[in-house]
Amino acid sequence: TDPVITGQASGYNLRYQDQMVSKATANFPIVKSLLHFHDVVAHTSAGQVNGQGWVFLGDEIRVLVSAEGQGANPGALMPDLADSADFRVRLMGTLDKPLIYGQGRATGLGSWAQGVGTAEGKFILAGKDVMLLDGSAVKGSSQVHLPLGNFNLDSRQFDGVVATQGFDLR
């Protein structure tokens, strides 16, 4: 039989790209070249994130990660984006070029949203572009449906197809 290594890992003051993780813990077994981490709890600048995933060890490390957060602070990642967000995210591929997709809900959208207060939907992150699918947004008593759209993180420019009735443009 193959040897199995199990354990618990903890990390403090970790930095990934421009984000800070003050504390993270996870349990894991390693069998052959597969690391499965579970019961992950990470305290980030945007709030607590929980998750699990697999790391395929080899010549080129590949990952498959599932994470979720409730009441996260997106403003810690991008000021004025939103006051609060709930999300479920999947990340797969290499750490240099991951494919990130999921679904989320953001409330208290910033001044860039032109009065839209809440938005939710599915997304795919590709570089600095967030492709939006099956979304909806609320401005007062008006609702907007978003079958397809794109939001650029650098310019905060939104392009998409929207449908609504009686939307208040004020």
Side-chain angles (χ1 to χ4, degrees), residues 16-21 24 26 36-56 60-170:
Y16 177 69
Q17 295 181 348
D18 292 333
Q19 302 309 311
M20 178 61 101
V21 177
H36 173 224
F37 54 93
H38 55 92
D39 302 325
V40 175
V41 178
H43 299 275
T44 73
S45 53
Q48 182 175 307
V49 176
N50 301 310
Q52 68 172 334
W54 292 264
V55 178
F56 303 92
E60 184 176 25
I61 294 176
R62 298 195 177 275
V63 297
L64 174 59
V65 177
S66 170
E68 62 182 63
Q70 300 280 321
N73 174 16
L77 305 175
M78 181 178 288
D80 196 41
L81 183 63
D83 292 337
S84 180
D86 301 331
F87 61 89
R88 288 185 180 185
V89 176
R90 305 290 184 263
L91 180 147
M92 60 191 295
T94 65
L95 294 177
D96 291 337
K97 292 187 178 183
L99 171 64
I100 301 171
Y101 63 97
Q103 62 188 44
R105 175 180 171 86
T107 58
L109 299 180
S111 59
W112 63 271
Q114 301 178 16
V116 173
T118 301
E120 64 183 67
K122 299 173 185 169
F123 62 88
I124 301 170
L125 177 62
K128 293 293 182 176
D129 288 303
V130 180
M131 305 298 292
L132 304 165
L133 310 159
D134 299 327
S136 64
V138 176
K139 178 181 179 184
S141 62
S142 302
Q143 186 161 10
V144 175
H145 298 286
L146 172 72
L148 181 64
N150 185 70
F151 180 74
N152 183 276
L153 295 172
D154 284 338
S155 69
R156 296 188 184 189
Q157 182 73 36
F158 170 79
D159 298 299
V161 176
V162 296
T164 188
Q165 277 189 326
F167 186 77
D168 183 3
L169 295 174
R170 292 173 278 153

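In what follows, residues are counted from 1 in the order of the sequence shown.
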Would you please name every residue forming a side chain to side chain contact (heavy atoms under 4.5 Å, CB included) with S155, sequence neighbours left out?
-> N152, Q157

V55 versus I61, closest heavy-atom pair with distance = CG1-CG2, 3.5 Å

Starting at CZ of R88, measure out to CG of N50 and round the result to the nearest 0.5 Å.
-> 11.5 Å

Counterpart residues, side chain to side chain donor-acceptor pair (under 3.5 Å), relative to R90 (two or more places apart) | S66

So how far is it from M92 CE to F56 CZ, rounded to the nearest 0.5 Å?
-> 9.0 Å

The complete set of salt bridge (Lys or Arg N to Asp or Glu O under 4.0 Å) pairs with one or both residues in residues 97-116, sequence neighbours excluded, reads R105-E120

For P147 and V162, the nearest pair of non-hydrogen atoms, with its separation, is CD-CA, 4.4 Å

Say you draw a straight line from CE of M20 to OG1 of T44; how long is it, rounded to the nearest 0.5 Å?
-> 11.5 Å

What distance do R156 atom CZ and L81 atom CG have between them, rounded to the nearest 0.5 Å?
-> 6.5 Å

With sequence neighbours excluded, what pairs up with V89 under the side chain to side chain contact (heavy atoms under 4.5 Å, CB included) test?
-> F87, I100, F123

Which pair of non-hydrogen atoms, one from G71 and one from S84, has the smallest distance, and what is that distance?
-> CA-OG, 3.5 Å

For N150, enumerate each residue passing the side chain to side chain contact (heavy atoms under 4.5 Å, CB included) test, keeping only those at least two apart in sequence or located in another chain.
-> D129, M131

Between P98 and L91, the two heavy atoms sitting closest are CB-CG, 3.8 Å

Side chain to side chain donor-acceptor pair (under 3.5 Å) with D134: which residues, sequence neighbours excluded?
-> none

Quick one: does F158's side chain get under 4.5 Å of L146's, heavy atoms only?
-> yes

Name all residues meeting the side chain to side chain contact (heavy atoms under 4.5 Å, CB included) criterion together with V40; count only those two or more places apart in sequence or in a different chain, and write none if there are none.
-> A26, F37

Sidechain-backbone polar pair: T107 side chain, T118 backbone, donor-acceptor under 3.5 Å | no

Would you please name every residue forming a side chain to side chain donor-acceptor pair (under 3.5 Å) with R62, sequence neighbours left out?
-> E60

The ring-ring contact (aromatic ring centres under 6.0 Å, His included) partners of H38 (sequence neighbours excluded) come to H36

Under a 4.5 Å cut-off applied to non-hydrogen side-chain atoms, are L148 and L133 in contact?
-> yes

